[in-house]
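Report on the following structure.
Atoms within each ligand, like the ligands themselves, are counted from 1 in listed order. Basis for what follows: all heavy atoms, side chains included, without hydrogens, waters or symmetry-related copies.
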Amino acid sequence: MNALFETTALHPADALGRPLRDLRVSVIETCNYRCPYCMPEGQTPEETALDRSRRLSFDDIETAVRGFARLGVRKIRLTGGEPLLRKNLPQLIARLAAVPGIDDLALTTNASLLAGQAQALRNAGLHRLTISLDALDPTVFRALSGGRGDVADVFAGIAAAEAAGFGALKLNAVIQRGVNEDQVLPLVEHFRGSGHVIRFIEYMDVGNCNGWRREAVVPSQQLRDQIAARWPLRALSATYRGEVASRYGFADGGGEIGFVSSVSEPFCGDCHRARLSADGQLFTCLFAAQGQDLRAAIAEGVDALATRVDALWQRRADRYSEQRASGGRDRKKIEMFYIGG
Ligand code: SAM
Ligand code: SF4
Ligand code: SF4
């Protein structure tokens with residue numbers, strides 16, 4: 001058995017035999033952008049309902065991460081909302097980087113504020129950065145940020161991350177039919193040979209407020225064919241079991257790209273991710289209707305938290321993306337900006 005999928009008394013498997021390896025922690029439930037596919041302006045009820053006073057403190061988050069690490073979590077991704085809006089984030093990063101067992105600490109950001117923070121994040125011990133970038137064209141980019149973003153800020157953030165020593169970055173682009181399909185080849189051309197890896201994400205039916213339609217999804221296969229017609233590609237093997245993106249290398253040695261195909265090629269069978277919202281709810285699937293409140297267990301300490309999560313994980317049977325075709329998609333789902341990507 002693959003080491004990743006070994007389970008022990010301390011490292012539980014869920015009801016479908018999947019271990020818990022990866023935790024995404026939302027450090028904030030709000031954002032300075034209003035990307036229409038995530039947090040469309042004026043249409044997100046939670047925008048006003050969320051109460052910042054319920055956010056977990058850094059002590060709480062560290063306790064949670066220590067408990068999850070005890071259950072086998074090795075990788076933490078900080079997300080949001082926009083995580084760089086959370087005050088004193090480097091302090092949290094330094095604390096999480098020191099948790100035994102956590103060997104990969106990453107952060108996903110829209111990079112609007114990265115230029116001023118990249119060095120502090122690196123100094124605090126952040127290992128990796130993923131940056132969302134849906135378009136190179138300033139007008140298309142601005143529209144995709146809900147009229148709030150400037151693509152020049154993202155490029156300043158990328159330059160600052162390079163200068164801070166982050167090495168290879170991941171760039172995430174969500175492609176929607178008729179919206180930014182024309183940005184695919186320019187994005188590939190721009191990042192080819194840069195050492196950074198662009199990944200194309202299928203537009204997902206997360207939450208209920210983005211008006212998702214299957215027709216707006218551009219299947220990865222189509223993008224792969226389009227890109228390969230210009231720059232021949234060869235498939236690369238996954239770096240670990242359960243890797244979300246399928247990887248391809250440019251045949252001419254120009255680096256690699258990835259595709260995250262949760263709609264056209266669901267990967268629930270290997271899903272070992274849990275999500276913790278900024279106010280302490282555990283979600284065992286991105287498409288869950290509701291979470292499980294962990295705040296009382298966190299307040300009791302690492303042992304209580306680990307015991308509670310262990311019990312919840314063992315009951316987990318989520319496989320939404322594999323069931324999407326059978327019509328589950330009209331039910332209530334939590335919004336992505338609330339639990340993080
Ligand atoms: N604000 C940060 C950012 O945008 O990178 C972190 C949080 S955001 C929710 C995490 C990721 O989710 C982003 O890369 C974003 O593009 C992606 N995302 C949001 N809504 C999506 C959707 N409907 N389909 C696919 N990806 C989505
Ligand atoms: Fe904000 Fe990220 Fe959602 Fe865009 S995708 S609205 S940047 S949380
Ligand atoms: Fe994991 Fe749920 Fe996504 Fe399936 S749909 S891969 S179970 S988060």
Side-chain angles (χ1 to χ4, degrees), residues 14-16 18 20-22 24-41 43-44 46-47 77-86 106-114 129-135 141 144-149 153-154 157 170-176 179-180 198-213 216-218 242-244 260-263 265-275 277-278 283-289 316-324 328-329 333-341:
D14 72 6
L16 301 178
R18 300 167 296 187
L20 172 56
R21 288 290 179 269
D22 181 334
R24 303 191 175 194
V25 179
S26 169
V27 294
I28 195 162
E29 68 296 326
T30 191
C31 189
N32 54 345
Y33 283 7
R34 288 294 180 275
C35 307
Y37 53 69
C38 175
M39 201 174 183
E41 185 95 62
Q43 289 171 53
T44 50
E46 285 85 345
E47 242 175 291
R77 177 172 295 281
L78 301 178
T79 175
E82 175 43 47
L84 299 189
L85 290 173
R86 178 83 190 234
L107 177 138
T108 304
T109 174
N110 64 25
S112 56
L113 303 169
L114 185 59
L129 270 172
T130 298
I131 292 173
S132 302
L133 176 61
D134 299 327
F141 178 88
L144 283 168
S145 69
R148 297 186 181 206
D153 293 336
V154 179
K170 285 189 180 141
L171 287 308
N172 278 355
V174 178
I175 304 301
Q176 295 173 73
V179 175
N180 61 341
I198 181 128
R199 306 181 323 161
F200 295 101
I201 320 279
E202 286 180 348
Y203 174 35
M204 294 185 289
D205 51 333
V206 285
N208 297 97
C209 69
N210 63 9
W212 185 86
R213 295 171 305 116
V217 179
V218 186
E243 187 169 33
V244 170
V260 180
S261 320
S262 123
V263 179
E265 298 162 45
F267 37 76
C268 302
D270 278 343
C271 178
H272 49 259
R273 284 173 295 283
R275 292 173 164 87
S277 70
F283 290 86
T284 54
C285 178
L286 183 53
F287 300 90
R316 173 189 193 240
D318 305 293
R319 44 189 286 270
Y320 175 84
S321 288
E322 290 179 351
Q323 295 166 327
R324 181 184 281 115
R329 69 183 166 89
K333 287 167 282 168
I334 196 69
E335 298 296 336
M336 190 157 179
F337 64 84
Y338 174 64
I339 52 171

Set of residues satisfying side-chain contact (heavy atoms from CB on, under 4.5 Å) with respect to Ser132, sequence neighbours excluded: Thr108, Asn172
Sequence-distant partners of Val260, side-chain contact (heavy atoms from CB on, under 4.5 Å), two or more places apart: Ile201, Val244, Ala245, Phe267
Going by heavy-atom distance to atom 15 (C) of ligand 1, choose the closest among Tyr37, Tyr203, Tyr33. Tyr37
Would you say ligand 1 has an N or O under 3.5 Å from any N or O of [X]?
X	value
Val206	no
Thr109	yes
Ser132	yes

Taking heavy atoms and a distance under 4.0 Å, where does Thr130 meet ligand 1: side chain, backbone, both or neither? neither
What do we get for Val174 next to ligand 1 when only non-hydrogen atoms under 4.0 Å count, side chain, backbone, both or neither? side chain
Within a strict 4.5 Å, meaning less than it, do heavy atoms of the Phe141 and Val154 side chains meet? yes
What heavy-atom pair brings [X] and [Y] nearest, and what distance separates the two atoms?
X	Y	result
Pro266	Ser321	CG-O, 3.4 Å
Arg34	Met39	CD-O, 3.1 Å
Ala15	Ala317	CB-CB, 4.3 Å
Met204	Asn210	O-ND2, 3.7 Å

Is there a side chain to side chain contact (heavy atoms under 4.5 Å, CB included) between Thr109 and Ile131? Walk through the geometry before answering. CA-CA 5 Å; Thr109 174; Ile131 292 173; 4.2 Å; yes
How long is the straight-line distance from SG of Cys31 back to CZ of Arg148, given to the nearest 0.5 Å? 8.0 Å
Nearest 0.5 Å, what's the OG1-CG distance between Thr130 and Leu78? 11.0 Å
Location of contacts on Cys35 toward ligand 2, heavy atoms closer than 4.0 Å: both
Donor-acceptor pair between Tyr320 and Asp205 side chains, under 3.5 angstrom: yes
Can you find a side-chain donor-acceptor pair between Ser112 and Asn32 that sits under 3.5 Å? yes
Phe287 heavy atoms within 4.0 Å reach ligand 3 at atoms 5 (S)
Mark up the atoms of ligand 3 that fall under 4.0 Å of a heavy atom belonging to Arg275, in ascending order. 8 (S)
Distance under 4.0 Å to a non-hydrogen atom of [X]: what atoms of ligand 1 satisfy this?
X	result
Asn210	23 (N)
Asn110	2 (C), 3 (C), 5 (O)
Thr79	6 (C), 7 (C)
Glu82	1 (N), 2 (C)
Gly81	1 (N), 2 (C), 6 (C), 7 (C)
Asn172	14 (O)

Which residue and heavy atom of the protein sit nearest atom 2 (Fe) of ligand 2, plus the separation: Cys31 SG, 4.4 Å
Look at atom 3 (Fe) of ligand 2 and say which protein heavy atom is nearest, naming residue and atom and giving the distance to 0.1 Å. Cys38 SG, 2.4 Å
Below 4.0 Å from any atom of ligand 1, is there a heavy atom belonging to Glu202? yes
Between [X] and [Y], is there a donor-acceptor pair closer than 3.5 Å when you use the side chain of the first and the backbone of the second?
X	Y	result
Trp212	Tyr203	yes
Arg273	Leu286	no
Asp134	Val174	yes

Under 4.0 Å from any heavy atom of [X], which atoms of ligand 2 are there?
X	result
Asn110	7 (S)
Tyr33	6 (S), 7 (S)
Met39	6 (S)

Taking Arg316 as the fixed residue, which of Leu20, Asp14, Leu16 is the one that meets the side-chain contact (heavy atoms from CB on, under 4.5 Å) rule? Asp14
Give a yes/no on ligand 2: does Gly81 have at least one heavy atom closer than 4.0 angstrom to it? yes
Near atom 1 (Fe) of ligand 3 (cut-off under 2.8 Å), count of protein N, O or S atoms: 1
Which residues pass the salt bridge (charged side-chain N to carboxylate O under 4.0 Å, His left out) test with Asp153, not counting sequence neighbours? none
Would you say Met204 contacts ligand 3, with heavy atoms under 4.0 Å as the rule? no
